[in-house]
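In listed order, ligands and their atoms are each counted from 1. Numbers for residues simply follow the sequence, beginning at 1. Quantities reported herein were computed from a predicted structural model and do not represent experimental measurements. Reckoned from all heavy atoms, side chains included, excluding hydrogens, waters and symmetry mates.
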Amino acid sequence: MRRISIFGATGSIGQNTLDLIARAPNTYQVVALTGGGNIAQLARDAIAHRAQVAVTAYEDRLSDLQDALAGTGIEAAAGEAALIEAAARPADWVMSAIVGAAGIAPGFAALEQGATLALANKESLVAAGQLLLSTAATHGADILPVDSEHSAVFQALLGEEVAQVERVIITASGGGLRDWPIEKLADATPQDAGAHPNWDMGQRITIDSASMFNKALELIETREYFGFNPNQIEAVIHPQSLIHALVGFCDGALMAHLGPPDMRHAIGFALHYPKRASLPVARLDLAQIGALQFEAPDDARFPALRLARDVMEMRGGAGAVFNAAKEIALDGFLAREIGFMQMSVVVEETLSRIAQEVSLSNPLESLADVRGMNHLARVRAREVMARVSQMRR
Ligand code: NAD
Ligand code: MG
């Protein structure tokens with residue numbers, strides 16, 4: 001039996017992971033499942049999968065979780081320390097699918113006990129990429145990308161030499177506001193930005209798709225995980241979301257990875273790697289699809305892409321600041337404190353404010369450094385946001 005844990009089990013990626021696990025009875029032993037405020041879902045899944053422990057992120061929900069699990073023999077725990085303790089429990093494969101910077105520390109704990117880390121939490125690579133990879137190397141642990149684009153690049157590189165790669169092209173759907181005139185974007189509401197044309201995902205990543213902050217994170221992720229130079233990494237808009245990424249080699253060959261927009265492919269690939277297994281995803285009918293479209297992204301429309309380029313050049317603590325400021329800006333947009341186009345203003349100003357205080361390109365050498373930079377960026381981003389929200393009125 002393969003021991004597995006799922007962090008963020010109640011979310012979109014977590015539920016898709018459990019769907020795959022449920023299709024292979026007597027194959028997996030579930031160690032830990034974690035969630036947030038959806039206690040009923042967490043308890044239901046923990047019982048159905050006979051988990052050893054269920055953890056809610058929120059300490060004030062512990063008694064609800066204990067009640068829901070009473071008599072089942074499943075341990076209930078709550079809070080950040082409990083999440084890290086659960087990640088340190090021996091497991092062979094750990095899915096990192098908490099949303100946001102809260103997912104970083106449990107991923108480190110999983111690597112430190114030698115588990116294979118299936119990484120959906122892109123924030124880990126963006127905020128702490130160099131440290132995450134070196135931690136994995138120290139503990140002989142593998143990190144497998146679960147973002148669809150990075151799984152696609154990983155697959156296109158199988159059997160290839162990285163030194164012969166000329167470029168990597170990450171595709172972007174363009175998000176829910178793709179067809180809006182640029183001058184209307186300032187008025188977009190969270191509801192407008194929260195509908196995705198192709199993918200069914202959590203609310204935060206769906207809005208990040210509309211602003212292209214998601215693609216910006218993915219460019220940085222590509223730089224950190226695969227080690228390509230920033231000038232080798234491009235983004236292209238591909239509205240159908242059928243090609244997830246392409247890798248171009250020195251002989252001009254371009255290897256594309258195609259598949260339906262269903263995260264169970266990338267999750268299942270990481271679950272079965274280094275083998276492939278049959279997966280319950282739709283098969284593409286190319287004749288019916290007919291044509292695939294591509295378009296260069298417009299930097300005026302998507303300032304996040306330009307900021308990602310700066311972050312890829314700076315590295316060090318810049319990714320942690322970028323991610324934290326983006327999370328605060330997204331909170332502000334969701335609370336209607338700032339407008340859709342002001343999210344990138346908050347991130348850009350936070351980066352330049354912090355660059356006056358510390359050298360952003362200095363590497364973050366410990367998880368404490370990552371936390372420190374994350375905290376500082378949140379404080380500064382809130383200050384910047386208070387000013388930016390005034391400009392709106
Ligand atoms: P989601 O919002 O659907 O689920 C998030 C999960 O994290 C839930 O289980 C929630 O309870 C938990 N959570 C939220 N805040 C937490 C906190 N402070 N502490 C601990 N747990 C917390 O998100 P999702 O769409 O499943 O995305 C999860 C991660 O995977 C994100 O990093 C996202 O960028 C990445 N990702 C998602 C997709 C997708 O298709 N959904 C694709 C690629 C990458
Ligand atoms: Mg992606």
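Remark: D200 CG is loosely packed, at most 12 non-hydrogen atoms of other residues, nucleotides or ligands lying under 6.0 Å away. Within a 6.0 Å sphere centred on CE of M255, heavy atoms belonging to other residues, nucleotides or ligands number 12 at most. Within a 6.0 Å sphere centred on CZ of R50, heavy atoms belonging to other residues, nucleotides or ligands number 12 at most. A 6.0 Å sphere centred on CD of E161 holds no more than 12 heavy atoms belonging to other residues, nucleotides or ligands.
Between F228 and F226, the two ring planes are parallel [angle under 30°; tilted spans 30° to 60°]. Between F294 and H238, the two ring planes are parallel [angle under 30°; tilted spans 30° to 60°].
A donor-acceptor contact closer than 3.5 angstrom links the side chains of E218 and N214.
Atom 9 (O) of ligand 1 has its closest protein heavy atom at T10 OG1, 2.7 Å. Of all protein heavy atoms, the one lying nearest to atom 42 (C) of ligand 1 is M263 CE, 3.6 Å. Atom 4 (O) of ligand 1 has G11 CA, 3.1 Å as its closest protein atom, hydrogens excluded (heavy atom only). The protein atom (non-hydrogen) at minimum distance from atom 34 (O) of ligand 1 is K122 CE, 3.2 Å. For atom 36 (N) of ligand 1, the closest non-hydrogen atom of the protein is I205 CD1, 3.6 Å. Among all protein heavy atoms, the one lying closest to atom 16 (C) of ligand 1 is I98 CG2, 4.1 Å. Of the protein's heavy atoms, A102 CB, 3.5 Å lies nearest to atom 18 (N) of ligand 1. Nearest to atom 11 (O) of ligand 1 among the protein's heavy atoms is G36 N, 2.7 Å.
Of the polar atoms of G37, none of the N or O atoms is found under 3.5 Å from an N or O of ligand 1, judged by distance alone. Where the criterion is an N or O separation shorter than 3.5 Å, residue side chain and backbone included, M201 fails it with respect to ligand 1. At a 3.5 angstrom cut-off on N or O pairs, V146 does not count as close to ligand 1. Checked against a 3.5 angstrom limit, the closest N/O atoms of N214 and ligand 1 fall outside it. Ligand 1 has an N or O atom lying under 3.5 Å from an N or O atom of S12, backbone or side chain.
When the heavy atoms of L119, D147, V126 are ranked by distance to atom 44 (C) of ligand 1, first place goes to D147. Here the shortest heavy-atom distance to atom 26 (O) of ligand 1, taken over T56, I13, D200, belongs to I13. When V99, T34, N16, L217 are ranked by how near their heavy atoms come to atom 31 (C) of ligand 1, first place goes to V99. Between G100, G14, A97, A120, it is A97 that holds the heavy atom closest to atom 6 (C) of ligand 1. In the candidate list P261, G103, G8, G202, G8 is nearest to atom 12 (C) of ligand 1, counting heavy atoms.
A salt bridge between K122 and E149 is absent, with no side-chain N of the basic residue lying under 4.0 Å from a carboxylate O of the acidic one. Salt-bridge formation is not detected for the pair E313/R309: no Lys NZ or Arg NE/NH1/NH2 atom is positioned less than 4.0 Å from an Asp or Glu carboxylate oxygen.
Put simply, the angle at the Mg ion (ligand 2) from OD1 in D147 to OE2 in E218 is close to 100°, to the nearest 10°.
For ligand 1 and G35, the ligand atoms under 4.0 Å from any heavy atom of the residue are 11 (O). Atoms of ligand 1 found under 4.0 Å from any heavy atom of N121, numbered from 1 in the order shown, are 32 (O).
Taken to the nearest 0.5 Å, the CD1 atom of I143 stands 6.5 Å off from the CG atom of L125. In this structure, CD in Q113 is found 8.5 Å from CG in D92, a value given to the nearest 0.5 Å.
Ring centroids of H265 and W199 are separated by 6.0 Å or more, keeping the two rings apart.
With a 4.0 Å cut-off on non-hydrogen atoms, E123 touches ligand 1 through its side chain and not its backbone.
Take the N/O/S atoms of E149: the one nearest the Mg ion (ligand 2) is OE1.
Side-chain N or O atoms of Q293 include none that pairs as donor or acceptor with a backbone N or O of Q240 at under 3.5 Å.
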Kindly indicate, with the supporting measurements, whether the criterion side-chain hydrogen bond (donor to acceptor under 3.5 Å, both in side chains) is fulfilled by D45 and Q41.
-> CA-CA 6 Å; D45 289 335; Q41 180 76 57; 3.0 Å; yes

